[in-house]
Amino acid sequence: MLNESISIIKKQLEEASQSEIESYIEILKVDKRKGVQRLVEQVERKQEKNKRALQQHEDIQVYERDLLHKGYQAIAGIDEAGRGPIAGPVVAAAVILPTEHSLIGLTDSKKLSKKQREFFYDEIKKQAIAFSIQEVDVETIDEINIYQAAKRAMKLAVEQLSTEPDFLLVDAMHIPLDIEQTSLIKGDQKSLSIAAASVLAKVTRDQIMSNWDQTYPGYGFSAHSGYGTPTHLEAMKQQGVTPIHRRSFQPVKDLLG
């Protein structure tokens, strides 16, 4: 391997198994060529990144594995998206994942890029035993308040699962259902099932807001998803309040007088 060109070495490393890569790296470390040493550094950084991802994947399944060990078989993770915006619905999702899956890198949707969220959105739907995505509209949010609306969306998401769960892992909320459950603060960073639900809810809500952008152009709904950004606030001042704005929220309430 030491006598090979850098391009061939690179190709061999790309095609090698994990154990082979580790052996190759030890051999290549004695190669004095700068190009080879740069390649070794790149591979070692990638290896370290992969190790961190695998460890994070193990850590984020602690609650699920403990519950499986206790005999629970259909553990649903539940999360919502859209409590903070001043426009649009609140969306919740419930997900039951299989014991065996390939979702390494999945975490809190806010920590993922748009491309990563969309990738996991498709993978979760493919791999899940069951999933449900539900929304509660603006009129209901204004009527019962956003906290109760988020709780209602979560409850609907659980009720609409095609497989009945025997345990719920919920992000910072208690759902009024006769099912054993645990509420986890920052649950989307601690539970893979909740993280999966957070991705489904977030991507779905972003899609909804992008669709509303076609109906109400000029507000930037596809860019900020209804959050009160300076651009959004200025658009409201210039164009007025739309039917999808939350009238019980400031500064919408002030603009309505």
Side-chain angles (χ1 to χ4, degrees), residues 78-94 107-122 124-125 132-157 160 170-176 183-189 194-257:
I78 303 96
D79 201 1
E80 52 75 28
R83 285 176 68 174
I86 60 174
V90 61
V91 177
T107 186
D108 172 10
S109 62
K110 296 185 288 297
K111 296 191 171 193
L112 300 172
S113 67
K114 185 175 186 291
K115 184 177 180 180
Q116 288 172 323
R117 285 195 298 269
E118 290 174 349
F119 168 79
F120 281 120
Y121 176 84
D122 291 334
I124 292 161
K125 292 174 78 173
S132 169
I133 307 168
Q134 304 294 321
E135 66 177 280
V136 169
D137 60 24
V138 171
E139 290 78 13
T140 305
I141 291 171
D142 287 335
E143 179 185 348
I144 65 175
N145 76 48
I146 185 61
Y147 179 83
Q148 294 301 329
K151 183 182 288 189
R152 180 176 294 186
M154 287 179 159
K155 183 172 183 285
L156 286 169
Q160 293 303 312
V170 193
D171 186 56
M173 185 89 72
H174 178 83
I175 301 176
S183 173
L184 298 173
I185 303 300
K186 295 186 178 179
D188 43 14
Q189 299 175 34
I194 296 177
S198 79
V199 167
L200 294 191
K202 169 66 174 167
V203 173
T204 299
R205 190 177 187 283
D206 285 351
Q207 291 171 346
I208 291 169
M209 296 309 294
S210 290
N211 291 337
W212 280 122
D213 199 23
Q214 307 302 309
T215 305
Y216 302 108
Y219 292 87
F221 290 134
S222 62
H224 53 63
S225 298
Y227 282 88
T229 64
T231 301
H232 184 185
L233 299 181
E234 184 59 31
M236 279 201 303
K237 291 176 184 176
Q238 297 297 323
Q239 299 178 200
V241 174
T242 73
I244 66 163
H245 278 102
R246 299 174 181 177
R247 282 155 167 72
S248 58
F249 278 45
Q250 296 290 6
V252 181
K253 187 186 293 186
D254 284 344
L255 286 173
L256 292 169

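Model, not experiment: these values are computed from the prediction.
Here the straight-line distance linking atom CD1 of Ile146 with atom CD1 of Ile141 works out to 4.0 Å at 0.5 Å rounding. Distance check: Asn145 CG to Thr140 OG1 gives 11.5 Å after rounding to the nearest 0.5 Å. In this structure, CD1 in Ile175 is found 9.0 Å from OG in Ser183, a value given to the nearest 0.5 Å. Rounding to the nearest 0.5 Å gives a distance of 8.0 Å between CD of Gln207 and CD1 of Ile133. Here the CG-CZ distance, from Asp122 to Arg117, works out to 13.5 Å after rounding to the nearest 0.5 Å. Residue Phe119 holds its CZ atom at 15.5 Å from NZ of Lys114, rounded to the nearest 0.5 Å.
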Derivation of the side-chain contact (heavy atoms from CB on, under 4.5 Å) call for Ile124 and Val199: CA-CA 9 Å; Ile124 292 161; Val199 167; 4.0 Å; yes
Worked check of side-chain contact (heavy atoms from CB on, under 4.5 Å) between Phe120 and Leu112: CA-CA 10 Å; Phe120 281 120; Leu112 300 172; 4.0 Å; yes
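Closest approach of Ile194 and Leu184 over heavy atoms only: CD1-CD1, 4.0 Å. The two residues Ile185 and Ala172 come nearest to each other via the heavy atoms CD1-CB, 4.1 Å. Closest non-hydrogen pair, Ser198 versus Ser109, comes out as OG-N, 3.3 Å.
In this structure, His232 contributes its side chain and Tyr219 its backbone to no donor-acceptor pair below 3.5 Å. With hydrogens and angles disregarded, no donor-acceptor distance shorter than 3.5 Å links the side chain of Arg205 to the backbone of Val91. Checking side-chain atoms of Thr204 against main-chain N and O of Leu200 turns up a donor-acceptor pair under 3.5 Å. Judged purely by atom type and a 3.5 angstrom limit, Arg246 uses its side chain to pair as donor or acceptor with the backbone of Gly88. With Arg83 contributing its side chain and Ala150 its backbone, the two residues share no donor-acceptor pair below 3.5 Å. Under a 3.5 Å cut-off, the side chain of Ser132 and the backbone N or O of Ala157 do form a donor-acceptor pair. Not one N or O on the side chain of Thr107 forms a donor-acceptor pair closer than 3.5 Å with the backbone of Gln189. Listed for the Thr229 side chain is no donor-acceptor partner under 3.5 Å among the backbone atoms of His224.
Side chains of Asp188 and Lys110 form a contact here, defined as non-hydrogen atoms less than 4.5 Å apart. Within the 4.5 Å cutoff, the side chain of Asp206 has no heavy atoms near those of the Met209 side chain.
Contacts of Lys186 classified as salt bridge (Lys or Arg N to Asp or Glu O under 4.0 Å), with partners at least two apart in sequence or in another chain: none.
Asp79 and Lys202 are not joined by a salt bridge, as no carboxylate oxygen comes within less than 4.0 angstrom of a charged side-chain nitrogen.
In this structure, Phe221 has its ring center closer than 6.0 angstrom to the ring center of His245.
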Donor-acceptor contacts, no H, no angles, side chain residues 249-257, under 3.5 Å, sequence neighbours left out:
unit_1, atom_1, unit_2, atom_2, d
Gln250, OE1, Asp254, N, 3.4

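Counting only residues at least two apart or on different chains, no salt bridge (Lys or Arg N to Asp or Glu O under 4.0 Å) pair has a member in residues 132-154.
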